[in-house]
Amino acid sequence: MPAPRAELRGSESVRGAEAAYEPTSGLGADADPDLGPDADLDLGPDADRDSESSPDPGLPTGPGPGPGPGPEPGPELDSATASRHLPPRTGVAALSPRYQVGAALALAVVAVAVCVHVGMVFLHVAPSNTVTKAHGEAIDDWIYPEFEQNWKLFAPNPLQQNIAVQVRAQIRGGDGGSRTTGWYDLSAQDGRNIDGNLVPSHTQQNELRRAWDFFTATHDSSARPVGLRGALAETYLRRIVVMRLERGAVDEGGVVERVQVRSRTTNVPPPKWSTDKVSTSPVYRVLSWWSVPDGATGGGMR
């Protein structure tokens, strides 16, 4: 006995859904040929509810698997992630481009200055050659007096003496009388100024010593000038001792008319373990009196 048409329509809807999942099931053979191809369009709301409420036995009813893995990160994401793990930049690399250029220029200037200085020192200590003959004055101006080089420290028998420069003056007082001061040890004054001073000046360390070395190198044992620089060395030494002479007598109204310079040389005593025997008695070298030009005192040299 044929089933009611409405029921057939509902069954056709269910069977159509099953045929969509199982195309080889063969359920389409029971369909009513009188319904035609548009039978599914005439299904009522009851059939729709039936199709929705009746699960397909061939389909899984439990919760489905979760969403699959997303797309892999592109190159932009990889580079951003890698940049977060890079160590922070330090040193010059951490500066802005403008400061990096400034630092590079400063380093270049320092490198050039160091190369020039090393080259000047090399030419100064090197034997006489074409470059030193052509540019000797420029080399000397660069080296002297701060960067002077000599071999006294490495000599087979280095200097083992203490040389002190002393001066005394002849003062003319306000009453017209003259008197002679005692000896002032200018080297001892330099020593007191240097002791305890972490950064002694070049004047305190070398001015007086260099002036005396200059004088002895341009004069013989009788204090007669040797060569053209003898007069210059005498004038230089006289100006220094007058400038550094204690001003006590001058402040009292006296005028320095003449000065006399002498050196006091004593040998450095040998160490206790040495068998060398040297004399520790001082040896003096006294120069003649030098007249002081007018205006050389009373406020300093002009």
Side-chain angles (χ1 to χ4, degrees), residues 117-118 120-128 132 139-140 142-169 180-227 229-230 232-246 248 259-290:
H117 178 70
V118 172
M120 289 293 189
V121 173
F122 172 78
L123 293 174
H124 176 68
V125 300
S128 179
T132 56
I139 296 173
D140 291 342
W142 180 276
I143 294 297
Y144 292 108
E146 287 82 5
F147 308 116
E148 179 187 5
Q149 306 291 319
N150 58 65
W151 300 102
K152 292 181 180 179
L153 179 63
F154 306 100
N157 186 21
L159 187 64
Q160 298 179 0
Q161 294 176 331
N162 290 324
I163 301 176
V165 179
Q166 301 173 348
V167 61
R168 65 177 178 176
T180 303
T181 66
W183 290 100
Y184 297 98
D185 195 335
L186 302 181
S187 298
Q189 294 178 9
D190 287 346
R192 288 192 295 268
N193 293 331
I194 294 174
D195 289 343
N197 189 352
L198 297 179
V199 189
S201 67
H202 176 73
T203 302
Q204 295 170 346
Q205 298 180 84
N206 299 319
E207 182 185 53
L208 184 62
R209 177 183 62 83
R210 292 293 305 278
W212 180 253
D213 290 343
F214 185 26
F215 179 85
T216 57
T218 55
H219 289 73
D220 59 14
S221 58
S222 300
R224 289 190 299 264
V226 177
R229 305 181 69 185
L232 177 61
E234 180 179 330
T235 303
Y236 181 56
L237 180 60
R238 184 179 67 242
R239 286 174 60 90
I240 290 177
V241 298
V242 170
M243 291 176 61
R244 300 183 58 182
L245 188 64
E246 291 187 2
V259 293
Q260 188 178 28
V261 179
R262 76 176 183 181
S263 65
R264 183 178 184 271
T265 304
T266 55
N267 293 320
V268 176
K272 297 180 179 180
W273 49 262
S274 176
T275 58
D276 295 339
K277 303 296 183 180
V278 297
S279 174
T280 56
S281 300
V283 177
Y284 294 94
R285 179 181 179 181
V286 183
L287 305 181
S288 59
W289 286 91
W290 291 335

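Numbering of residues begins at 1 and proceeds along the displayed sequence.
Taking the six-membered ring for Trp and the full ring otherwise, the centers of Phe147 and His124 sit at least 6.0 Å from each other.
Residue Asp213 holds its CG atom at 10.5 Å from OG1 of Thr218, rounded to the nearest 0.5 Å. Note that CD1 of Ile240 and CZ of Phe214 are 10.5 Å apart. Values are rounded to the nearest 0.5 Å. Lys277 NZ to Asn267 CG: the interatomic distance, rounded to the nearest 0.5 Å, is 14.0 Å. Here Ser187 contributes atom OG and Asn162 contributes atom CG; the two are 9.5 Å apart, rounded to the nearest 0.5 Å. Between the CD atom of Gln205 and the CG atom of Asn193 there is a distance of 11.0 Å, given to the nearest 0.5 Å. Distance check: Ile163 CD1 to Leu208 CG gives 11.0 Å after rounding to the nearest 0.5 Å.
The minimum heavy-atom distance linking Gln161 with Val268 is given by the pair N-CG2, 3.8 Å. The minimum heavy-atom distance linking Gly230 with Pro225 is given by the pair CA-CB, 3.7 Å. Listed here is the closest heavy atom pair of Trp142 and Met120: CD1-CB, 3.5 Å. Of all the heavy atoms in Arg264 and Gln166, the pair that sits closest is CD-NE2, 3.7 Å. Across all non-hydrogen atoms, the minimal contact from Thr266 to Thr280 is CG2-O, 4.4 Å. Across all non-hydrogen atoms, the minimal contact from Arg285 to Trp212 is CD-CZ2, 4.4 Å.
By the 4.5 Å heavy-atom criterion applied to side chains, Arg168 and Thr180 are counted as neighbours. At a threshold of 4.5 Å between non-hydrogen side-chain atoms, the residues Leu287 and Phe215 count as touching. Counting heavy atoms from C-beta on, the side chains of Tyr184 and Val241 never come closer than 4.5 Å.
Other residues, nucleotides and ligands contribute only 12 or fewer heavy atoms inside 6.0 Å of the CZ atom of Arg229. Heavy-atom neighbours of Tyr284 OH from other residues, nucleotides or ligands within 6.0 Å: above the threshold of 12.
In this structure, Asp220 contributes its side chain and Arg224 its backbone to a donor-acceptor pair below 3.5 Å.
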Checking Val242 against Trp290 for the side-chain contact (heavy atoms from CB on, under 4.5 Å) test, could you report, in this order, the C-alpha distance in whole Å, the side-chain angles of both residues, the deciding distance, and whether it holds?
CA-CA 11 Å; Val242 170; Trp290 291 335; over 6 Å; no
